[in-house]
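Worksheet: one structure, shown below.
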Amino acid sequence: MTSDPIETRKSTEGMVDYNRNSTAQQQHAIMQADHIRRLVGKLGRVEPELRLVDYGCGPGMSAIETVRPAIAAYRARHPDAPIVVCHADQAGNDWNALFGLVAGPGGYLAGNAPLRVEAAVGSFYERLAAENSVSLGTCFFASHWLSHAVRLDAPGTVLFDHLQGAARAQLTEVAQRDWCTFLRHRAAELRQGGYLLASMMGSVPDAAEPNGAASAGRGIYRAIQAVASAMVEDGMLDPDVLNGFVFPFWFMTEAEARDWIGADKVLSDLVEVEGIEVTPALTNPTDLFHDAIGDPVEYARLYTGCVKAFADSTLRTQLFEPAARSPQDPDALADEFYRRFDAFYREHTDRYACEIWHLTVLLRRR
Ligand SMILES: C[S@@+](CC[C@H](N)C(=O)[O-])C[C@H]1O[C@@H](n2cnc3c(N)ncnc32)[C@H](O)[C@@H]1O
C-alpha cells in the first residue's frame, strides 16, 4: 500500500445512461435559468460574437438547458447578433448523443441563427478556449472531479470527507491546486467583464462530522463503502485495493472555495468574486429520491441507476479492474456490486439517503 498519491488515469470517463439518470442535474440547470438570463443582460452586445462555453457539459439534456436561457436572452435583445455555443468535455463524452439532442426537436439550433455550435475536447484543467474570448462560461456538476485519480492510504472511506492525517492533507493539496488551476484557465479565457458561473457539489459545516463538514451525497458513499467492504469480507475484492481507493472528488465548503481563491494572488488579480454560497437543493434536499420512498424497489432502482450514471467508470477502473483476478472478473464484480447495492437500498432505504448541497460560484473577469 502506498501513501503517495499516484496519478493513474483520468478521473472520469463515459457516463452510463446519463440522460435518464440525471434528473437532478436537469432540474438544477433549469433553476439557474433566471440567473443566466440576468448575466447575459449585463454583458450587453458582444463583438464580434457572443461566445458561451459550457465546461464539463456531459452528454445529456442538462447541457441544452444550460445554454438555452443564455441564447434566448441574447436573441431577445440582439436578434441578428452572432452567437457561438461551445460544449466542452473530455474525449470520452458521448458527443453523438449530445449533438443529437442539440439538433433534435428539444434542442436549440432551430430558429436561433446566426448561431454556430462547437465542441472543445479536452480537460478543463487545461486551456479549452482562446484567451479573452469567452463571454459566459458555465460549469455544472463537473468541477468537483479532480484532475486525476489518486490512491491513498484510506481504509474505511471511499470519499474525501472522512480522510484523516496524511491522506487528508494529500488530497486537500490536490483539491486546492485543481480548483485554482481550473479557475486560472477560465480567467484567462474570459473577456474583460465576462462571467464564470460554476455550480458543483458542496459541503456544509457540521461539528458532528470527523472533519467538521458534511459532504453532499455522503449517504451514497457510506453505502458504497458498506457494500464494497462486504465484498471484501466475502473474498471477492482485495482489501488493499479497497483501502487505497477514494473517489477523485472534493466537495468544497464555502470557506474553502473562497479562501483558496483568496490565497492565489494571480487569480485574485484577474477575477472579482461576485458570489460564493452553499445552498441545499431546492427540491428534495435531504433525499434525492424522496418521492419514491414509499416503494423500496423503485427507490433502490433509482439510487443504483444514479450511482451507475456517475460512478461506473471510476468503480470499474479504480476498484474492480485492479481487484480482478481474471479479465472477465471486472464485469462480474460490477454486476455483483450493483446487485448488492440495489438490495442494500431496498433494505435500508433512506438511512443512506443522498443529501444535496450545491456550491455556486460567480466570478467576473476584471
Ligand atoms: C455529472 S456530469 C455533468 C454534466 C452536465 N454539466 C450536467 O450538469 O448534467 C460531469 C461531466 O464533467 C466532465 N468532466 C469531469 N472532469 C472533467 C475534466 N477534467 N475536463 C472536462 N470535463 C470533465 C465529465 O466528463 C462529465 O461529462
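Order of listing sets the numbers, starting from 1, for every ligand and every atom in it. Everything numeric here is computed off the predicted structure, so don't read it as measured data.
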Do the side chains of Arg116 and Glu49 get close enough for a salt bridge, i.e. N-O under 4.0 angstrom? yes
Under 3.5 Å: N/O of Asp54 near N/O of ligand 1: no
At less than 4.0 angstrom from any non-hydrogen atom of Gly58, what atoms of ligand 1 do you find? 4 (C), 27 (O)
Does any N or O of ligand 1 fall below 3.5 Å from an N or O anywhere on Phe140, backbone included? yes
Cation over ring face, Arg151 and Phe245, 6.0 Å, 45°: no
Does at least one non-hydrogen atom of Cys57 fall below 4.0 angstrom from an atom of ligand 1? yes
Is a salt bridge present between Asp312 and Arg316, judged by a nitrogen-to-oxygen distance below 4.0 Å? yes
May I ask you to check whether Phe124 has an N/O atom sitting below 3.5 Å from an N/O atom of ligand 1? yes
Record the part of Ser62 in heavy-atom contact with ligand 1 below 4.0 Å; permitted values are side chain, backbone, both and neither. side chain
Both conditions, 6.0 Å and 45 degrees, for the charged tip of Arg186 above the ring of Phe182: are they met here? yes
Could you check Ile220 against Cys306 for side-chain contact (heavy atoms from CB on, under 4.5 Å), going step by step and ending with a plain yes or no? CA-CA 10 Å; Ile220 286 192; Cys306 166; 4.3 Å; yes
Considering only heavy atoms of Gly56, which atoms of ligand 1 have at least one such atom less than 4.0 Å away? 3 (C), 4 (C), 5 (C), 6 (N), 11 (C), 12 (O), 13 (C), 22 (N)
Regarding ligand 1, does Tyr125 bring an N or O atom to under 3.5 Å of one of the ligand's N or O atoms? no
If we number the atoms of ligand 1 from 1 as shown, the ones under 4.0 Å from a heavy atom of Gly122 are 20 (N), 21 (C)
Polar contact flag for Tyr55 and ligand 1 (N/O pairs, less than 3.5 Å): no
Would Trp145 count as a polar contact of ligand 1, with the cut-off being nitrogen or oxygen pairs under 3.5 Å? no
